[in-house]
Visitor: 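Input: one structure, supplied below.
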Amino acid sequence: MYTDKVMEHFTSPKNVGEIEDFDGEGRVGNPVCGDMMAMQIKVEDNVITDAKFRTFGCGAAIATSSIVTEMAKGKTLEEAEAISNKAVAEALGGLPTNKMHCSNLAADALHNAIADYRERTGGDDGGA
Amino acid sequence: MYTDKVMEHFTSPKNVGEIEDFDGEGRVGNPVCGDMMAMQIKVEDNVITDAKFRTFGCGAAIATSSIVTEMAKGKTLEEAEAISNKAVAEALGGLPTNKMHCSNLAADALHNAIADYRERTGGDDGGA
Amino acid sequence: MKRVYLDHSATTPVHPRVALAAMNFMMNEYGNASSVHTQGQRAGQAVEHAREQVAGMIGANPREIIFTSGATEADNLALRGIAEMHRERGDHIITTAVEHHAILHACDALEKDGFRITRLAVDGEGRVDPDDVAEAIEPGTILISVMLANNEVGTLQPVEEIVEIAREHDVWVHTDAVQVAGQLPVDVDALGVDLASFSAHKMYGPKGVGCLYIRRGTRIRAQMFGGHHERWLRAGTENVPGIVGFGEACALADEELAYRRSHLTALRDHLIEGLEARIPDVMLNGHRTERLPGNVNVCIPGVEGEAMLLHLDMKGISASSGSACTSGSLEASHVLLAMGIKHEIAHGSLRLTLGRENTREEIDYLLEILPPIVENLRAMSAWKPGEDTTFSSGGGN
Amino acid sequence: MKRVYLDHSATTPVHPRVALAAMNFMMNEYGNASSVHTQGQRAGQAVEHAREQVAGMIGANPREIIFTSGATEADNLALRGIAEMHRERGDHIITTAVEHHAILHACDALEKDGFRITRLAVDGEGRVDPDDVAEAIEPGTILISVMLANNEVGTLQPVEEIVEIAREHDVWVHTDAVQVAGQLPVDVDALGVDLASFSAHKMYGPKGVGCLYIRRGTRIRAQMFGGHHERWLRAGTENVPGIVGFGEACALADEELAYRRSHLTALRDHLIEGLEARIPDVMLNGHRTERLPGNVNVCIPGVEGEAMLLHLDMKGISASSGSACTSGSLEASHVLLAMGIKHEIAHGSLRLTLGRENTREEIDYLLEILPPIVENLRAMSAWKPGEDTTFSSGGGN
Ligand SMILES: Cc1ncc(COP(=O)(O)O)c(C=O)c1O
Ligand SMILES: Cc1ncc(COP(=O)(O)O)c(C=O)c1O
């Protein structure tokens, strides 16, 4: 069903948890789908220095959450905003078709966190 | 499919053939059903002294032909007329349901042969 | 790693006696049951012997058994067979919201073809109220289809009472008895149903074979046409190895039923107790006692089902969340939702269904393995039971 | 007594490799192909592997294969699936008078439901004329179903030519390819058909499994509803052992096809020659060369078929008269009648269908056994070929 890469991120997810003094947070998903994600980022000089997630969801939801935090770290906000859900799926070696829509929300969560950060800072670069 | 008794009469049918100077003949069946019988009897003093048959047909048709000639021999015409198709099937230990209708015509053939005899003799007892 | 199989409601291992019988009819007695020759006749006799075994298990006459390719076909044949045969008499069918998809989707299709379907609600334990059935009956009602036991939560339905009501109104009753056969006695006369579906692969028989019981005198329209097989009600060369295997599986069920029932009940109760003792907030789904001996179904709030299954699988445990048929889908179980369970809780269901070969050690292994998995996933979850689940896009806090 | 099996068109022995594969998936890999856990996933992968094997045999894409319980189901699914899906487009279906009953009786049922059916006549060798197909097409025609080879007389039909005509009128074409698969190459693209039916048990696979090939883009309505199996086109827990066995049987057919073809053709021609040499007035039914490698069908005037079969059976030979499906009936073969053969001659048909394991010695044994049986039955017959067959009751001569 899942690729080895998905199973790797599912069984040993990276960056699980919360950032105490996060600069932005994104929350996506809904209970009907059964996938809900919360992602927090730390931003310094327009660069994402840390990212953590908590996810309620299936194997795909957890794996995409994990890999997107890895992909985001060290990227500028603009670079991070360019990460698509499709790119996340590709980085995992693909996802089952029926998981592409609902469980592949991690990039959305990241984008929401960045938007939240921009809102808080009024578009500035400084930390929260 | 068939009882042992049917198979016995099918594999070693009794009274196959024709009677050279028969007193009555009955022919029943039709090519659509695939069962056609010709039965000939010899009558002496109102008693069937010989009966022979030729049959084109399935196992049931051959077996019923065979047993009915056996049943008829030695019987008075009235007794032989009382032999029903049902009695023939019973004497064979039963026939498959789908064979009861079409292939179980031997008693009819016998009755026709008796009718033929009566017609020839104008109802008299004498030989042909 | 020796695996622990706790998914018997999805399918069962084929019993060796059954498999050997099937094998014999594949390689040695391979005749077509309709053929005139000895090889065909032997196959035909084996089919009739199996028909007696199946009928024997449910107190039916062998002539009332129509072999099918499984219960999905039997369910569809029952519903559409009655509907199409008796359309002038009525166009209304009553069923419940918790039926197997073979029933529910067959009903959806009938609805498209102009029939009217009433899908009755169930209570919090998944049971339909016979009074609701009585109320739903109208002059145009021709059929009521209520399963004998639910495949997800194991709840037994009051089918006998429903039959009594239906009889007063001259309405046919079908029951999907798939999950009950082989676990509890099924007697079609005691139940009084007119039609009942069974599947071999849920009771240690082969996949791809099942049957529809049709009470003598009940007329239905065939759904597959061709040869004269199965009294003209189901064409197609008889699946002799499958049918023979199904017969053996029924004979086996008869022999073992008392043992299975007590063995499964003991394991089930031990498992439920263990889960309730070790997993905080676990909720048992379905009726606590009026349930299948082999069924345990729980919701574990704060955990998503598939994630649990994957972790269990890595520890060698086969289980399911919802039914096997819906596992390809992302929707929460229609059964749990119908029982009034919220989506986010329903997504965290775990179904453990026990079989004749399971042991207490296997259950204890599950009870040891599961709690840390739950703890781990709960710690990772974006919400905790009781918390708000509004995850509208954007908007940090 | 070692039996001589000459009834391969009715069904075939399951090849040991196939039976072992099926056995493995009954006893060891028994998971439900829809389950999330490893045991389920392994079963699911096996199903997909089998789908590739089946698709490979006929040059299809695996996504174009829908597994069914056999060809009867596949035939019904094709006809009713197209008819119900495209009813607004038309209500007219064209088929031939010599199709298998799975097609003919499905057409009868569709006729009852308001569709119009044209059943084309055939020539004396059982072939349909493509020009007749062209003439039968009308604006309301949605489907043409013509079998690739006849199961009784083995005659091959000009399906490619029919497809060309159908394409001009945008009409779908279905072919029942059951008897051809495993004997001659089948390439769905070369044929150009939109739908094609196959059955495992006619090609050394298990009974109870088959498939419908559905060309990508061709939409049909499912006939069995339930789970999401087979791309929503055929619900029901996958018959994994059966499907895996079918896949193996297809792989085996691919490996052996050239050998089978020449082996069967040689045996067939030897048998036809032998019959013609030893049995006076014997008539070959069907086309002499445009026929299945494994099919011999003759009429022996003055002899009834079942009587011949019973005698052959007692000598250890399994054969048939008409098809296995009609052997329970008393009617002469609809195929032979459609070919213009008289009832009393058609009742005397003998079908000898050869398989991969048959030997020249077995054919010679048949050729030694049959003539005295024929002689004996002819001597007993109430009529001789050429004689009047009016057997009106009564009236001696
Ligand atoms: C209650 C119930 N009905 C019907 C079915 C369908 O049976 P089958 O797998 O034989 O098609 C199942 C299992 O899948 C079931 O659990
Ligand atoms: C030409 C043809 N079509 C369809 C069928 C039906 O196939 P099945 O036995 O798989 O239902 C058969 C054999 O019975 C056949 O010979």
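Numbered from 1 within each chain, the chains take letters A, B, ... in sequence-line order.
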Visitor: Highest number of heavy-atom pairs under 4.5 Å with chain C: which of R80(D), Q39(D), Q41(D), M27(D)?
Guide: Q39(D)

Visitor: Heavy-atom cut-off 4.5 Å, strictly under: side chain, backbone, both or neither for H15(D) against chain C?
Guide: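 No part of H15(D) comes within 4.5 Å of chain C.
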
Visitor: Between S69(C) and M224(D), which heavy-atom pair has the shortest distance, and what is it?
Guide: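 Result for this residue pair: OG-CE, 4.4 Å.
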
Visitor: Taking T38(D)'s backbone N and O only, do any of them form a donor-acceptor pair with D313(C)'s side chain (distance below 3.5 Å, no angle check)?
Guide: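 It does hold such a pair.
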
Visitor: In terms of heavy-atom pairs under 4.5 Å with chain C, which of V209(D), D75(D), T12(D), I317(D) leads?
Guide: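 The option with the most such pairs is T12(D).
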
Visitor: Specify the closest pair of heavy atoms between M26(C) and P206(D), including all atoms of both residues, with the distance to one decimal.
Guide: SD-CB, 4.5 Å

Visitor: Assess whether side chain to side chain contact (heavy atoms under 4.5 Å, CB included) is satisfied between V14(D) and M23(C), documenting all intermediate values.
Guide: CA-CA 9 Å; V14(D) 176; M23(C) 190 79 166; over 6 Å; no

Visitor: Heavy atoms only, distances under 4.5 angstrom: which of G31(C), G40(C), G210(C), C107(C) has the most pairs with chain D? Name it, please.
Guide: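 Max contact count across the listed options: G31(C).
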
Visitor: Between N32(C) (side chain only) and T11(D) (backbone N and O only), is there a donor and an acceptor less than 3.5 Å apart?
Guide: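 Checked: no pair found.
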
Visitor: Find the distance between NZ (K207(C)) and OG1 (T237(D)) and round it off to the nearest 0.5 Å.
Guide: 8.0 Å

Visitor: Verify, without hydrogens or angle tests, whether H105(D) (side chain) and G226(C) (backbone) share a donor-acceptor contact under 3.5 angstrom.
Guide: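 A pair under 3.5 Å: yes.
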
Visitor: With a 4.5 angstrom heavy-atom cut-off, is it the side chain or the backbone of E238(C) that approaches chain D, or both, or neither?
Guide: backbone

Visitor: Just verifying a value: how many Å separate H37(C) NE2 and L309(D) CG, rounded to the nearest 0.5 Å?
Guide: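 CG of L309(D) is found 8.0 Å from NE2 of H37(C).
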
Visitor: Nearest 0.5 Å, please: how far is CD in E73(D) from CZ in R234(C)?
Guide: 6.5 Å

Visitor: Looking at chain D, which one of P241(C), P16(C), G242(C), G70(C) has the largest number of heavy-atom pairs inside 4.5 Å, strictly under?
Guide: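 Greatest number of close heavy-atom pairs with chain D: P16(C).
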
Visitor: Which bit of L104(C) comes within less than 4.5 Å of chain D, counting heavy atoms only: side chain, backbone, both or neither?
Guide: neither

Visitor: Counting heavy-atom pairs under 4.5 Å with chain C, which one of G245(D), A222(D), P13(D), A102(D) comes out on top?
Guide: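 Option with the top pair count is P13(D).
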
Visitor: Where does N76(C) contact chain D at under 4.5 Å (heavy atoms): side chain, backbone, both or neither?
Guide: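 Just the side chain, heavy atoms under 4.5 Å.
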
Visitor: Let me confirm one number: the CG-CZ distance from L79(D) to F225(C), rounded to the nearest 0.5 Å.
Guide: 11.5 Å

Visitor: Given the options R221(C), Q223(C), M314(C), which has more heavy-atom pairs under 4.5 Å with chain D than any of the others?
Guide: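 Highest number of heavy-atom pairs under 4.5 Å: R221(C).
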
Visitor: Can you tell me how far OH of Y5(C) sits from OG of S35(D), rounded to the nearest 0.5 angstrom?
Guide: 5.5 Å

Visitor: Quick one: which of L312(D), L77(D), D113(D), T68(D) has the most heavy-atom pairs under 4.5 Å with chain C, could you say?
Guide: D113(D)

Visitor: Using non-hydrogen atoms only, which part of A22(C) is less than 4.5 Å away from chain D: side chain, backbone, both, or neither?
Guide: side chain

